[in-house]
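Note: hydrogens, waters and symmetry copies are ignored here, and every other heavy atom, side chains too, is used.
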Amino acid sequence: MPAPVPDSPRLRPGAPRRLPAVPVPGTRESVSSWINRLCLAYEVRGPDIIPALGLNARGEMRPTTAGLALSPPSVRALGAATGRSEQAIGGMLLSRFTATALPNLPCPPYGHPGALTAWATGAWALRRHSNFCPRCLARDGRWRLEWKLPWAFACLDHVIYLCNRCPR
């Protein structure tokens with residue numbers, strides 16, 4: 001009989017293992033969209049993949065704050081799990097607009113889990129929904145980062161207005 005294989009170490013937040021297959025982030029894709037595509041690739045629900053990526057669903061990845069900003073340890077953990085650079089991950093977050101459109105975004109580390117939520121309540125960013133281009137979504141299924149900003153009202157690729165609710 002072969003010797004039993006020891007159980008692999010459990011995944012812990014902040015110490016993820018490298019995922020074997022990771023979709024390449026699309027141009028201007030948001031981190032939330034990219035993580036959603038990871039879920040589809042692995043056939044798991046969002047809350048189930050978040051710990052494997054080294055993220056915390058109760059903090060930075062809450063539904064109202066996902067994609068706003070990540071602390072440096074979270075960016076490093078997500079990079080380690082996916083093989084993407086910290087710069088590439090930072091480019092998929094709304095925090096990339098802190099020098100221009102979102103100047104009051106609190107800087108990580110966040111003192112309490114509600115810091116981003118408290119900021120987002122009065123921020124000039126769409127919290128609970130996103131505008132979208134139906135043609136872009138039909139083409140590649142990727143949600144663009146800029147669609148979360150109120151000034152984005154048209155798709156320059158398709159020269160149409162963005163939608164803000166499901167047509168059904």
Minimal non-hydrogen separation, L38 against P23, with atom names: CD2-CD, 3.5 Å
R28 versus D157: any side-chain heavy-atom pair under 4.5 Å? yes
Heavy-atom check, side chain of F97 versus side chain of L145, under 4.5 Å: yes
Does atom CZ (R96) have a neighbourhood of more than 12 heavy atoms from anything else shown, all under 6.0 Å? no
Donor-acceptor pair, S33 side chain versus S30 backbone, under 3.5 Å? no
Minimum heavy-atom distance W34-V24, with the two atoms named: NE1-C, 4.2 Å
Any side-chain heavy atom of W147 sitting closer than 4.5 Å to one from C163? no
Atom CD of E146 and atom CG of L94: how far apart are they, to the nearest 0.5 Å? 10.0 Å
On a heavy-atom basis, which atom in R142 and which in D140 lie closest, and how many Å separate them? N-OD1, 3.0 Å
To the nearest 0.5 Å, what is the distance between NZ (K148) and CH2 (W143)? 9.5 Å
To the nearest 0.5 Å, how far apart are CD1 in I160 and SG in C136? 7.5 Å
Can you name the closest pair of heavy atoms from M92 and E29 and give their distance? CG-O, 3.2 Å
With rounding to the nearest 0.5 Å, note down the distance linking SG in C39 to CG in L53. 7.5 Å
Distance col, row N131:CG vs R165:CZ, nearest 0.5 angstrom, shows 10.0 Å
Is it the case that one hydrophobic cluster holds both L78 and V44, taking links as side-chain heavy atoms less than 4.5 Å apart, direct or via other members? yes
Between OG1 of T82 and CD1 of I89, what distance do you get to the nearest 0.5 Å? 4.5 Å
Which pair of non-hydrogen atoms, one from C133 and one from H158, has the smallest distance, and what is that distance? SG-ND1, 3.5 Å
Please check if any side-chain donor atom of S71 sits under 3.5 Å from a side-chain acceptor atom of S74, or the reverse. yes
